[in-house]
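Quick caveat, the model's predicted, so the values are computed rather than measured. Below, chain A is the first sequence line, B the second, and so on; all start at residue 1.
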Number of protein chains: 2
Amino acid sequence: MKETETGIEITLEIVCGKWKGLILWKLLHEKPMRFNQLRREIDGEISSRILSRELRKLTDDGLIERIDYEMVPPKVEYRITPYGKTTASFLTIMNEWGLEHKRMSTSKKEMARLINKQTQDEFG
Amino acid sequence: MKETETGIEITLEIVCGKWKGLILWKLLHEKPMRFNQLRREIDGEISSRILSRELRKLTDDGLIERIDYEMVPPKVEYRITPYGKTTASFLTIMNEWGLEHKRMSTSKKEMARLINKQTQDEFG
DNA sequence: ACAAGTACTTACAATTTTGTTACTATTCTA
DNA sequence: TAGAATAGTAACAAAATTGTAAGTACTTGT
């Protein structure tokens, strides 16, 4: 970490990417979850290799915890830590903002579709 | 955009990556800025190609605005839009959280350093 | 006349992230 | 006795992101 980094950069390093935000979000709202359970419930099909890697990163950063029951067949649970829970402060707002943005851009696209159709009707 | 996406995913698509969060953060707190001015002030040296691309993405998403004064030599300013200003709701918290995390992980590293030194003194 | 600055773009290269496939040992279920 | 499920890992491949170098047309300052 450079000295000059803003908090933004640091937070993005931790939460950015295709999966980490989602995993955190899931674990913030559900009980501790087992590996394959998480895999099934995350939409968009995450591979086990990727899930494994992302979980380790989050664990290394102290946001989640790995609980190994040391049995066969293996049982491992992942649970959010108290520190991980503090990410809710911005994840909640990001979620709301994202939903709002989705509504906006959907209507923008719809408008573009209508304009395109009109142009087609006129010149097509 | 898939139907099943959470707000988190959508927001991350927009703000994620090495530069976009920083650029937004900069424009949230400063007056409209010119291209090379932004380039100079962003720490970590962003290339003009990358800056150009990131600015266009943010413009496409309606978060910033490009004002072309149409003069020679060229003068173009980038300014945050009212909609872009709404990202402050989570960026502010992300910034605070990131600074806090930095403090934490710095002290963790310091602790690791002390422990390593102690082990060296005992066995080295 | 020459260097420096303006806001970029193009062609290309390196790096990082993400994904696929196949595999492990063991137990439970049909 | 075959098949599924458990939590992963290793070797490899593709895709996305980020970067570098050079160039554009024009003006200002030395």
Side-chain angles (χ1 to χ4, degrees), chain A residues 1-2 5 8-24 26-27 30-61 64-79, chain B residues 1-2 5 8-24 26-27 30-61 64-79:
Chain A
M1 272 180 207
K2 292 168 298 172
E5 269 176 335
I8 302 281
E9 292 171 271
I10 294 163
T11 306
L12 282 176
E13 269 171 31
I14 287 166
V15 116
C16 215
K18 200 166 169 186
W19 302 112
K20 281 192 288 184
L22 260 189
I23 294 168
L24 266 180
K26 198 86 193 168
L27 291 176
E30 314 252 350
K31 299 268 158 236
M33 289 176 89
R34 300 178 65 176
F35 186 88
N36 281 322
Q37 192 186 0
L38 255 172
R39 225 192 125 184
R40 274 184 247 105
E41 291 201 17
I42 285 176
D43 68 86
E45 285 297 289
I46 185 171
S47 71
S48 59
R49 191 202 126 157
I50 304 297
L51 179 55
S52 175
R53 236 157 86 148
E54 301 304 295
L55 286 171
R56 183 155 40 230
K57 286 182 202 160
L58 291 170
T59 307
D60 288 349
D61 282 323
I64 66 175
E65 213 174 352
R66 194 188 113 109
I67 306 140
D68 191 340
Y69 290 88
E70 303 196 357
M71 36 169 71
V72 162
K75 176 177 177 184
V76 177
E77 279 186 344
Y78 291 89
R79 147 172 80 199
Chain B
M1 272 181 205
K2 292 169 298 171
E5 269 177 335
I8 303 280
E9 292 171 89
I10 294 163
T11 306
L12 282 176
E13 268 171 31
I14 288 166
V15 117
C16 215
K18 199 166 169 185
W19 303 110
K20 281 192 289 184
L22 260 189
I23 294 169
L24 266 181
K26 198 87 193 166
L27 290 176
E30 312 253 349
K31 301 267 159 237
M33 290 175 90
R34 299 179 65 175
F35 187 88
N36 280 323
Q37 192 185 1
L38 254 174
R39 223 191 127 185
R40 276 185 247 103
E41 291 202 17
I42 285 177
D43 68 86
E45 284 298 288
I46 185 171
S47 72
S48 58
R49 190 202 126 157
I50 303 296
L51 180 55
S52 174
R53 237 158 85 149
E54 301 303 295
L55 286 171
R56 181 150 45 226
K57 286 181 203 162
L58 290 169
T59 307
D60 288 349
D61 282 322
I64 66 176
E65 212 173 356
R66 195 188 113 108
I67 306 140
D68 191 341
Y69 289 87
E70 303 194 359
M71 36 170 69
V72 161
K75 176 175 176 184
V76 177
E77 278 185 345
Y78 292 90
R79 147 172 79 198

Approximate separation, where rounding is to 0.5 Å, of A:Tyr78 OH and A:Ile64 CD1: 7.0 Å

If I take atom CD1 from residue A:Ile10 and atom CG from residue A:Asp61, how far apart are they, to the nearest 0.5 angstrom?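 Reported value, rounded in 0.5 Å steps: 11.0 Å.
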
[N] [atom2] sits how many Å from [X] [atom1], rounded?
X	N	atom1	atom2	result
A:Arg56	D:dG8	CZ	P	9 Å
A:Asp68	D:dA7	CG	P	10 Å
B:Leu51	C:dT9	CG	P	11 Å
B:Tyr69	D:dT27	OH	C1'	19 Å
B:Ile67	C:dC8	CD1	P	12 Å
B:Ile23	D:dT18	CD1	C1'	13 Å

Let me spell it out: for each of B:Glu77 and A:Glu45, pick the nucleotide of DNA chain C with the closest heavy atom. Which residue's pick is nearer the 5' end?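 Final value for this comparison: B:Glu77.
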
Base, sugar-phosphate alone, or nothing: which one does A:Tyr78 contact when heavy atoms must sit under 4.0 Å apart? sugar-phosphate

Establish, with yes or no, whether the OP1 or OP2 oxygen of C:dT9 is under 4.0 angstrom from a side-chain nitrogen or oxygen of B:Ser52. yes

Say whether, by atom type as modelled, one donor and one acceptor occur between the side chain of [X] and the main chain of [Y] under 3.5 angstrom.
X	Y	value
A:Lys20	A:Ile14	yes
A:Gln37	A:Arg34	yes
B:Arg39	B:Ile46	yes

Does atom CD of B:Glu41 have more than 12 heavy-atom neighbours, drawn from other residues, nucleotides or ligands, at distances under 6.0 Å?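 Enclosed.
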
With respect to A:Met33, which candidate in A:Leu27, A:Ile23, A:Val76 satisfies the side-chain contact (heavy atoms from CB on, under 4.5 Å) definition? A:Leu27

By the definition side-chain contact (heavy atoms from CB on, under 4.5 Å), identify the one residue from B:Leu51, B:Leu58, B:Ile42 that meets it with B:Trp19. B:Ile42

Report yes or no: do B:Tyr69 and B:Glu77 form a side-chain donor-acceptor pair below 3.5 Å?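 Looking only at side-chain atoms, B:Glu77 and B:Tyr69 do form a donor-acceptor pair, the distance falling under 3.5 Å.
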
Between B:Val72 and B:Ser47, just flag the one whose closest nucleotide in DNA chain D comes earlier from the 5' side. B:Ser47

If you assign each of B:Ile46 and A:Arg66 to its closest nucleotide in DNA chain D, which residue comes earlier from the 5' end?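 On the 5' side of the pair lies A:Arg66.
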
For nucleotides 12-18 of chain C, give me every protein contact, N/O to N/O, under 3.5 Å, one pair per line with atom names.
{"from": "C:dC12", "atom 1": "N4", "to": "B:Arg49", "atom 2": "NH1", "distance (Å)": "2.8"}
{"from": "C:dT18", "atom 1": "OP1", "to": "A:Lys18", "atom 2": "N", "distance (Å)": "2.9"}

Close N/O contacts between protein and nucleotides 4-6 of chain D (under 3.5 Å):
{"from": "D:dT6", "atom 1": "OP1", "to": "A:Arg40", "atom 2": "NH2", "distance (Å)": "2.7"}
{"from": "D:dT6", "atom 1": "OP2", "to": "A:Asn36", "atom 2": "ND2", "distance (Å)": "3.3"}
{"from": "D:dT6", "atom 1": "OP2", "to": "A:Arg40", "atom 2": "NH2", "distance (Å)": "3.4"}
{"from": "D:dT6", "atom 1": "O3'", "to": "A:Arg34", "atom 2": "NH2", "distance (Å)": "2.9"}
{"from": "D:dT6", "atom 1": "O3'", "to": "A:Pro74", "atom 2": "O", "distance (Å)": "3.1"}

